[in-house]
Structures are given as C-alpha cells and as structure tokens.
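Scroll down for the structure; my scribbles are underneath it.
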Amino acid sequence: MSDNENITNQDNETINNDNQQPISAINMAKKTTFILLCFCIAFIGFLAVVFQNTQQKILVAEEKEKFKFINEILPKNLYDNNLSATMIELFANNSYALNLQNLGIKKAKESSKIFFAEKNHNLEFIIFEFSAIDGYGASPIHLVLATDLQGKIRGVRVISHTETPGLSDYIEVAKSDDKKNAWIFQFNNLAINGDDNIWKVQKDGGNLWYKSGATVSARAISKAVKNAMLWFDENKSALIEIHTKNTKNTKNKNK
C-alpha cells in the first residue's frame, strides 16, 4: 500500500471518528434525559402518595376534632343515633337550592356539613357548620352550632381560626381564662326573638361582653351566629324534609 493510500485511509478513519463522536454524545444526552425524566416521574409520584396520605390524616384529625366540639355542645345522652350517618354536605350551589350566604359560604368549593340528632327516632337537634367572614385573621373563623327545632341554641364552638394569637384566645373554650364561664357560652339558649342587642357586643350597645383588643373577633362571631340562626329559621322546614327523605331512603335500602 502506498503512502498516499495510508494517508487517505487515516483521513477517512479520522472523519468517521469525528462523525461518531457527535452521535455518541447525542445518544448519551438522550439516555441521561430519559433517566432524569424517569426519576422525576417517580419522585412526583412519591410526593403525590405522601401528600394524599398526609391530607387524609389531616382530614381524619380535623373530623375527630370537630366531633369533640359537637360532643361538647350536644352531649351523647341527648341523642341515640349515629350522627355521621345523617351528615349532608351543602355547597354554595347545592341541589336543594338552599342559599348559604348567611352561613358565610359564598365560594363554589366552600361547604357546610349538617348533622341530625335523634332520640328514640325523633329528630331533636340539628348541628351545622358556618363561618364568620368579618374577623381580623387572614381566613374565616370556622364554627359549629347545635340548635333544637324551636331555634334555641344548644351551644357554639370555634373549630378553627387565624385571629390574633393571645388576644383572641378567649373565643376558644380550651384557651379561655375561665373555662366554666367561657366567652362563647354567652350564645347558649339564645334564639331569634327580635332583640338585636343579644347578638351585639357591649361596645356596640349589646349584651355580649368581650375582651379589649379583640373586639373585631367577638363582633364577627356574634354577627355570624345571628346570621346562622336566621338561616336556620328560614330553612328549618327544608332541613327536616331533607332528613326525613334521607332516613326513609336508608330504611328502604336496608330492607
């Protein structure tokens, strides 16, 4: 083989190697990208599972906490049915066409859970959630209330809030200085009777005492409780009818 032929072959090998190097780099980049993509998908899937499990635990804990408050305002000796089995959840656009604005529910995803307490198969109390939207915190004050069918409040409790820590602690029984005479006990036995003063704090000419520095929280809750009872009075017949139909349907399914 001549020197010229050797040089030509070497040049061809060099060209081939130069052509192969970009191809190898592209393949390596594709493989690396694929591995990273698989890792990202697996990691996102892992986070989704963790989030779902955590979210479920949070919801269970919140529901447990809510029933603790329900048992405070409505002791178990006052009813003998399974409250959870009676629960209906009403959203802003509910199929029963009930207006929930007086419950502080305006957005589509917001809802109120309603429970029906029976004694010897007779409906005695209705428990429902509502919100005070005029508080000082970044989010509404979430509450639960129990009332008898005559519209007399059995009790009210704050479920959660973002009001000023320390100053607004007294709206919660657990953080009240005097747990036997907690602020929120003032709503016990109140009913809509035409006297607006029973729903106002003393600063506004009403009957409800409050703590200085947290008037906004007390005023917001007082207004929300009044609106909730106005809502109950307006929709009591519809609520009783809903519960009667649901009870009948449950009995028919169990036959």
Side-chain angles (χ1 to χ4, degrees), residues 58-59 61-75 78 83 100-107 110-115 117 125-148 151-193 195-233:
I58 292 173
L59 291 175
E62 288 178 347
E63 202 68 14
K64 186 177 180 181
E65 186 73 3
K66 184 190 304 176
F67 270 93
K68 186 192 82 172
F69 294 132
I70 290 176
N71 289 332
E72 287 180 10
I73 59 179
L74 195 68
L78 295 180
L83 290 183
L100 306 183
Q101 287 196 11
N102 267 348
L103 297 184
I105 294 171
K106 297 180 180 180
K107 297 179 181 178
E110 295 175 340
S111 67
S112 170
K113 290 182 179 179
I114 303 174
F115 306 86
F125 301 94
I126 295 179
I127 307 105
F128 57 93
E129 302 171 338
F130 62 105
S131 296
I133 58 176
D134 300 320
Y136 193 78
S139 60
I141 303 169
H142 298 294
L143 304 109
V144 64
L145 176 156
T147 176
D148 63 22
K152 182 185 289 187
I153 295 176
R154 174 72 198 180
V156 182
R157 289 294 185 276
V158 173
I159 299 174
S160 64
H161 70 91
T162 57
E163 301 299 287
T164 307
L167 289 176
S168 298
D169 284 351
Y170 74 99
I171 66 175
E172 299 181 57
V173 176
K175 296 180 180 179
S176 177
D177 294 333
D178 184 358
K179 294 179 176 57
K180 292 184 178 180
N181 297 289
W183 175 83
I184 209 160
F185 291 172
Q186 295 179 95
F187 297 107
N188 293 358
N189 300 316
L190 293 189
I192 299 295
N193 61 6
D195 182 5
D196 278 350
N197 286 334
I198 66 174
W199 309 106
K200 294 179 180 179
V201 295
Q202 292 171 354
K203 187 175 183 177
D204 299 332
N207 302 339
L208 301 173
W209 65 267
Y210 65 96
K211 283 195 173 184
S212 179
T215 315
V216 173
S217 303
R219 184 183 289 127
I221 293 175
S222 303
K223 178 182 176 182
V225 174
K226 176 190 174 183
N227 287 341
M229 291 308 298
L230 287 171
W231 178 86
F232 173 77
D233 281 0

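Nothing here was measured: the structure is a model prediction, and the numbers come from that model.
- Ser222 and Val201 make their closest contact through OG-CG1, 4.1 Å (heavy atoms, listed as atom of the first residue, atom of the second, distance).
- Between Asn189 atom CG and Arg154 atom CZ the span is 8.0 Å, to the nearest 0.5 Å.
- Between Phe115 and the choices Phe125, Phe128, Phe67, the ring pair (Phe, Tyr, Trp, His ring centres under 6.0 Å) rule is met once, by Phe67.
- Taking a cutoff of 4.0 Å between a charged side-chain nitrogen and a carboxylate oxygen, Asp177 and Lys211 qualify as a salt bridge.
- Each of Leu103, Ile105, Ile141, Val144 was checked for a side-chain contact (heavy atoms from CB on, under 4.5 Å) with Phe130, and the lone residue meeting it is Leu103.
- From Asp134, atom CG reaches atom CG of Asn227 across 8.5 Å, with rounding to the nearest 0.5 Å.
- Counting non-hydrogen atoms of other residues, nucleotides and ligands closer than 6.0 Å to OH of Tyr136 gives a total of 12 or fewer.
- Residue Val173 comes nearest to Ala182 through the heavy atom pair CG2-CB, 4.1 Å, listed as atom of the first residue, atom of the second, then distance.
- Shortest non-hydrogen contact noted between Leu145 and Ala228 is CD1-CB, 4.4 Å.
- In this structure, Trp199 and Phe187 have parallel ring planes: the angle between them is below the 30° cut-off, well short of the 60° mark.
- Put simply, the side chain of Ser112 gets close to the backbone of Glu129: a donor and an acceptor are under 3.5 Å apart.
- Between Ser217 and Ile171, the shortest heavy-atom distance links the atoms CB-CG2, 4.4 Å.
- Going from atom CZ of Phe69 over to atom CD1 of Ile159 covers 7.5 Å, rounded to the nearest 0.5 Å.
- Side-chain N or O atoms of Glu163 include none that pairs as donor or acceptor with a backbone N or O of Gly135 at under 3.5 Å.
- Rounding to the nearest 0.5 Å places CD of Gln202 at 7.5 Å from CG of Leu208.
- Although no hydrogens or angles enter the test, the distance criterion places a donor-acceptor pair under 3.5 Å between the side chain of Asp195 and the main chain of Asn197.
- Annotation for Ala220 and Ala132: closest pair O-CB, 3.6 Å, computed over non-hydrogen atoms.
- Between Tyr170 and Trp183, the ring planes are perpendicular. Angles over 60° get that label, and only those under 30° would be called parallel.
- Separating the CD1 atom in Ile133 from the CD atom in Glu110 is a distance of 8.5 Å, to the nearest 0.5 Å.
- The closest donor-acceptor contact from the side chain of Ser131 to the backbone of Gly104 lies at 3.5 Å or more, if one exists at all.
- The neighbour count for Lys179 NZ, taken as heavy atoms of other residues, nucleotides or ligands under 6.0 Å away, is above 12.
- The side-chain heavy atoms of Phe232 and Asn102, taken from C-beta on, include no pair separated by under 4.5 Å.
- Counting heavy atoms from C-beta on, the side chains of Leu190 and Val225 never come closer than 4.5 Å.
- With rounding to the nearest 0.5 angstrom, the CD1 atom of Ile198 is 6.5 Å from the CD1 atom of Ile192.
- For the pair Asp169 (side chain) and Gly166 (backbone), a donor-acceptor distance under 3.5 Å is present.
- Glu172 has its side chain within reach of His161: a pair of non-hydrogen atoms, C-beta onward, lies under 4.5 Å apart.
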